[in-house]
Amino acid sequence: AFTDCARDDDEYVSTVADGTQVNFTATGTWTRGSAAKAKILIVAGGGGGGYDAGGAGGAGGLVYVSGYAVTGTSYTVTIGTGGAGDTGPGGTGASGVDTTFAGDTTLTAKGGGGGGSTSASAGLDGGSGGGSGGAHTADKGDATQGSQAGDSGTYGYGFDGIEGASGSPGKGGGGGGGAGAAPTAIWNTTTGSAGGAGKDMTTPFGTGVGESGWFAGGGGAASVSNGA
């Protein structure tokens with residue numbers, strides 16, 4: 001994605017298709033060489049899960065721009081961290097932290113929404129939304145990545161979480177949304193929902209990064225099987 005550029009110690013490099021790919025795993029600075037355009041992929045931190053039969057955290061929002069014009073000398077890349085899980089009933093997992101690429105046009109991937117817990121807490125909104133906890137009818141978290149201003153929304157990806165299930169003999173939490181899809185409604189009172197699928201980025205970046213080229217899958221939810 002990047003050609004002819006300097007790198008920090010917290011980056012690693014691989015070659016894909018027509019360019020050198022620079023992969024940031026921590027906050028750093030990319031120094032441009034002669035490149036006029038770059039493929040930019042940023043992913044925010046995912047949300048933390050809820051407590052007990054908790055809803056899962058949503059994936060961090062994903063932004064991909066295939067022909068980002070680079071004219072400056074250096075660009076700051078700020079990597080967002082994942083949110084912490086909830087530690088008690090009634091709360092929510094913490095939302096993830098945004099990731100940004102600060103250039104002529106700043107790109108922002110929004111942190112994933114935290115998951116709700118058993119005691120009537122909803123999933124939080126985020127890049128992808130968090131799922132709500134089981135055993136009540138609280139709402140899911142909605143995806144916000146696509147509604148961001150400018151290129152962050154136009155080229156942004158994220159999906160809603162899903163509501164948890166309630167009833168006898170147990171309860172299942174709702175899954176978190178992913179950058180590629182919302183969770184499917186395959187869950188019940190004894191099984192938590194799977195998370196939404198991530199986004200397949202193998203075509204531009206190969207299989208050596210992410211999870212074999214996939215990024216930003218939503219979290220799977222917990223369950224409690226009372227009496228089962």
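In what follows, residues are counted from 1 in the order of the sequence shown. FYI, side chains are in, hydrogens and waters are out, and symmetry mates aren't considered; it's all heavy atoms of this structure. In this text, all values refer to a predicted model and were calculated from it rather than measured experimentally.
Counting heavy atoms from C-beta outward, Thr92 and Asp86 have side chains that stay 4.5 Å or more apart.
A pairwise comparison of heavy atoms in Gly219 and Ala56 identifies O-CB, 3.0 Å as the closest pair. Closest heavy-atom contact between Gly217 and Ala59: O-CB, 3.5 Å. Residues Tyr51 and Ser117 come closest through the heavy atom pair N-OG, 2.7 Å. Contact detail for Asp139 and Ala122: the closest heavy-atom pair is O-CB, 3.0 Å. Pairing each heavy atom of Ala143 with each of Gly127, the nearest pair is CB-O, 3.5 Å. Ser95 and Gly114 make their closest contact through OG-N, 3.4 Å (heavy atoms, listed as atom of the first residue, atom of the second, distance).
Residues Met201 and Trp214 fall into different hydrophobic clusters, defined by Ile, Leu, Val, Met, Phe, Trp and Tyr side chains chained together at heavy-atom separations under 4.5 Å. If you chain together hydrophobic residues whose side chains sit under 4.5 Å apart, Phe24 and Val70 fall into the same group.
Using a distance-only test at 3.5 Å, with no hydrogens or angles considered, a donor-acceptor pair links the side chain of Thr99 to the main chain of Gly80. Under a 3.5 Å cut-off, the side chain of Ser132 and the backbone N or O of Gly164 do form a donor-acceptor pair. The backbone N or O of Gly129 lies less than 3.5 Å from no partner atom in the side chain of Asp142, so there is not a single donor-acceptor pair. Looking only at distances, a side-chain donor or acceptor of Ser128 sits under 3.5 Å from a matching main-chain atom of Gly178. Side chain of Gln145 to main chain of Lys110: a donor-acceptor pair is present (N/O by atom type, distance under 3.5 Å, no hydrogens or angles). In this structure, Thr118 contributes its side chain and Ala53 its backbone to a donor-acceptor pair below 3.5 Å. Judged purely by atom type and a 3.5 angstrom limit, Ser152 uses its side chain to pair as donor or acceptor with the backbone of Thr108. Side-chain atoms of Ser66 do not come within 3.5 Å of backbone N or O of Lys39 as any donor-acceptor pair. The backbone N or O of Thr105 lies less than 3.5 Å from a partner atom in the side chain of Tyr68, making a donor-acceptor pair.
Figure legend: cation-pi geometry between Lys199 and Phe215 absent, as NZ or CZ is not positioned both under 6.0 Å from the six-membered ring centre and within 45° of its axis.
Between Lys171 and Asp52, at least one side-chain nitrogen of the basic residue sits less than 4.0 Å from a carboxylate oxygen of the acidic one, meeting the salt-bridge criterion.
No more than 12 heavy atoms of other residues, nucleotides or ligands sit less than 6.0 Å from atom OH of Tyr155.
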*asked:* Using the rule given for side chain to side chain contact (heavy atoms under 4.5 Å, CB included), can you reason through Lys140 versus Ile162, listing the C-alpha separation, both sets of side-chain angles and the distance that settles it, and then say yes or no?
replied: CA-CA 5 Å; Lys140 60 179 174 56; Ile162 198 171; 5.5 Å; no
*In sequence, state the C-alpha distance, the side-chain angles, and the governing distance for Ile40 and Leu107, and then conclude on side chain to side chain contact (heavy atoms under 4.5 Å, CB included).*
CA-CA 9 Å; Ile40 307 293; Leu107 303 175; 3.7 Å; yes
_Please determine whether side chain to side chain contact (heavy atoms under 4.5 Å, CB included) holds for the pair Arg32 and Thr73, giving the CA-CA distance in whole Å, both sets of side-chain angles, and the decisive distance to 0.1 Å._
CA-CA 5 Å; Arg32 183 179 71 92; Thr73 301; 6.0 Å; no
*Dump the intermediate steps for side chain to side chain contact (heavy atoms under 4.5 Å, CB included) on Val63 and Leu41, then the final yes or no.*
CA-CA 6 Å; Val63 179; Leu41 170 67; over 6 Å; no
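Between Tyr75 and Phe101, the angle of the ring planes stays under 30°, which puts this pair in the parallel group of the 30/60° scheme.
The line from OH of Tyr64 to CG of Asp151 is 13.0 Å long, rounded to the nearest 0.5 Å.
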